[in-house]
Amino acid sequence: MLIRPRRNRAGHAVRALVRETQLSAHDFILPLFVQEGEDSHTPITSMPGQARLGIKRLVAKAEEAAALGVQGVALFPALDESKKDARATESTNADGLLQRAVRALKAALPEMLVITDVALDPYSSDGHDGLVVGDQIVNDETLPILAGMAVSQAQAGADMVAPSDMMDGRVQALRTALDEAGFENVGIISYCTKYASSFYGPFREALDSAPRAGDKKTYQMDPANVRECEREVRLDEAEGADMLMVKPGLPYLDIVRLVRGLTPLPVAAYHVSGEYAMLHAAAERGWLDYDACLLESLLALKRAGADVIFTYGAIDAASLLKRA
Ligand code: PBG
């Protein structure tokens, strides 16, 4: 035999020399759930290790992440039902839960990238990402609500806003509103190809944000489709997005790879709640090694082309990388 691929795998040193993909804590964004009650802590049953946190604990969690090299957090507010209404009014309250959380985080950790989610669902009594009129999720009437939300988040100090609602034209609506309000340096990370996935189940439990009626298939993408990714990418680029996201992650590696090839913009992948839950569920039964499978999942996302990875396992992965 002239050719033996195993020679390049023979030992630690040669493997490290030829390794094509390196994971680093700098790749990760940690999603965090915030709730009222400074010191409150409500574990999320279907996401072991994750909890809805009061602002004080939220800041402590972000500090823990920062100490391990994680440079960004993505915030999701868990609102009391009494604060929700059809038009997501609470989303623009300058003294709302999310706005207070952003201010507290930026005060404690000025260097930490604070990314806020733009969509109606955490604030909506209908649990949809857009405005519900009759049995329709109406697009154009949703845009000013999203724009107002983004400006309010920027005023609180968000570094980047992340529209996850999948309304048409939202990136342009946000860019225009942010610029008009003087926030031309606030970035937009667009959930560009976000699929109508069943892997979001634990997240909706965490926020109690599941749609009260119907599903999200009239705005999120059909898991069967690939070609419409190119339209979404072209639109978001033209509308001024700074980064493009693919979501979910691991079941959509083909999409990560495709979007990577379609755009020069940085690509993010979201290792979603259901993916995280699966790892823990199997590990609890002794069927999988959580640590090893987490790192392998994140490595696979990066290898497929993700520059940025949103993962609930950011702290776990960062501390594993530090020990390795
Ligand atoms: C909603 C939103 C969802 C997630 C992030 N933003 C859920 C949904 O679209 O129903 C899912 C994240 C996850 O599952 O980890 N705007």
Side-chain angles (χ1 to χ4, degrees), residues 28-34 44-52 72-79 84 88 90-91 98 115-132 137 139 142-143 145-146 149-150 153 158 160-167 170-171 174 188-223 232 244-252 268-281 294 297-298 301 306 308-314:
F28 307 143
I29 300 291
L30 173 66
L32 290 170
F33 301 106
V34 59
I44 300 160
T45 323
S46 55
M47 300 176 73
Q50 306 297 314
R52 302 198 311 236
V73 294
L75 292 187
F76 297 95
L79 265 69
K84 300 184 185 182
E90 182 64 11
S91 66
L98 180 89
I115 302 170
T116 49
D117 194 68
V118 179
L120 268 57
D121 54 329
Y123 310 94
S124 157
S125 44
D126 295 305
H128 273 287
D129 295 13
L131 181 65
V132 179
I137 319 303
N139 194 90
T142 297
L143 299 179
I145 302 178
L146 297 171
M149 190 183 305
Q153 294 169 350
M160 302 192 84
V161 295
S164 69
D165 54 285
M166 290 301 279
M167 298 299 121
R170 76 265 170 78
V171 173
L174 262 54
I188 298 178
I189 172 160
S190 171
Y191 287 69
C192 174
T193 56
K194 175 173 177 181
Y195 284 86
S197 171
S198 298
F199 286 96
Y200 307 149
F203 174 97
R204 293 179 190 172
E205 183 208 312
L207 293 189
D208 191 19
S209 65
R212 304 302 183 247
D215 54 42
K216 299 191 175 186
K217 291 179 185 167
T218 66
Y219 44 107
Q220 298 179 348
M221 287 173 60
D222 184 339
E232 292 289 354
L244 303 181
M245 168 117 69
V246 177
K247 180 180 175 196
L250 227 41
Y252 293 79
Y270 201 137
H271 181 243
V272 301
S273 57
E275 300 176 66
Y276 177 83
M278 287 197 300
L279 288 179
H280 273 284
L294 173 68
S297 300
L298 304 180
L301 289 165
V308 178
I309 304 169
F310 284 57
T311 176
Y312 303 96

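All ligand and atom numbering here is 1-based and tracks the order in the structure.
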**Report entry** Heavy atom of the protein closest to atom 16 (N) of ligand 1 (residue, atom name, distance)
**Finding:** Ser164 OG, 2.7 Å

Report task. Just need the protein heavy atom nearest to atom 8 (C) of ligand 1, so name the residue and atom and give the distance. Result -> Lys216 NZ, 3.3 Å

**Report entry** Glu275 heavy atom under 4.0 Å from ligand 1
**Finding:** no

Query raised in the report: Backbone, side chain, both or neither: what part of Asp129 comes under 4.0 angstrom of ligand 1, heavy atoms only?
Result: side chain

Report task. Using a strict 4.0 Å cut-off to heavy atoms of Asp117, name the atoms of ligand 1 that fall inside it. Result -> 6 (N), 16 (N)

**Report entry** For Val272, atoms of ligand 1 separated by under 4.0 Å from a heavy atom
**Finding:** 13 (C), 14 (O), 15 (O)

**Report entry** Tyr191-ligand 1 polar pair, N/O distance under 3.5 Å
**Finding:** no

Query raised in the report: What atoms of ligand 1 come closer than 4.0 angstrom to any heavy atom of Ala119?
Result: 16 (N)

Query raised in the report: What's the spacing between Thr311 OG1 and Ile29 CD1 if we round to 0.5 Å?
Result: 11.0 Å

**Report entry** Side chain, backbone, both or neither: Ser273 near ligand 1, heavy atoms under 4.0 Å
**Finding:** both

Query - Distance-minimising heavy-atom pair for Ser273 and Met47 - result: CB-CE, 3.7 Å

Query raised in the report: Can you name the ring-ring contact (aromatic ring centres under 6.0 Å, His included) partners of Tyr191, sequence neighbours left out?
Result: none

Query raised in the report: What pair of heavy atoms forms the shortest contact from Tyr312 to Phe203, and how long is it?
Result: OH-CD1, 3.5 Å

Query raised in the report: What atoms of ligand 1 come within less than 4.0 Å of a heavy atom belonging to Tyr270?
Result: 12 (C), 15 (O)

Report task. Establish, from distance only, whether the side-chain atoms of Thr142 and Arg170 form a donor-acceptor pair under 3.5 Å. Result -> no

Query raised in the report: For Lys194, is the nearest heavy atom under 4.0 Å from an atom of ligand 1?
Result: yes

Requested in this report: Please verify whether a non-hydrogen atom of Phe310 lies at under 4.0 Å from ligand 1.
Outcome: no

Report summary line: ring-ring contact (aromatic ring centres under 6.0 Å, His included) filter on Phe310, not counting sequence neighbours, yields Tyr270

Query raised in the report: What are the two closest heavy atoms between Pro202 and Ala277, and how far apart are they?
Result: CG-CB, 4.0 Å

Requested in this report: Write out the residue and atom name of the closest protein heavy atom to atom 1 (C) of ligand 1, then the distance separating them to 0.1 Å.
Outcome: Asp121 OD2, 2.8 Å

**Report entry** Identified side chain to side chain contact (heavy atoms under 4.5 Å, CB included) counterpart of Thr193 within the set Met166, Gln220, Met221
**Finding:** Met221

Requested in this report: Please could you name the atoms of ligand 1 that Tyr312 approaches to less than 4.0 Å, counting only its heavy atoms?
Outcome: 12 (C), 13 (C), 15 (O)

Query raised in the report: Does some non-hydrogen atom of Tyr276 fall short of 4.0 Å from ligand 1?
Result: no

Query - Residue from Lys84, Arg212, Lys216 passing salt bridge (Lys or Arg N to Asp or Glu O under 4.0 Å) with Asp121 - result: Lys216

**Report entry** Shortest non-hydrogen separation from Pro31 to Gln50 and the atoms involved
**Finding:** O-OE1, 4.4 Å

Query raised in the report: With a cut-off of 4.0 Å, which atoms of ligand 1 are near a heavy atom of Lys247?
Result: 2 (C), 3 (C), 4 (C), 5 (C), 6 (N), 11 (C), 12 (C)

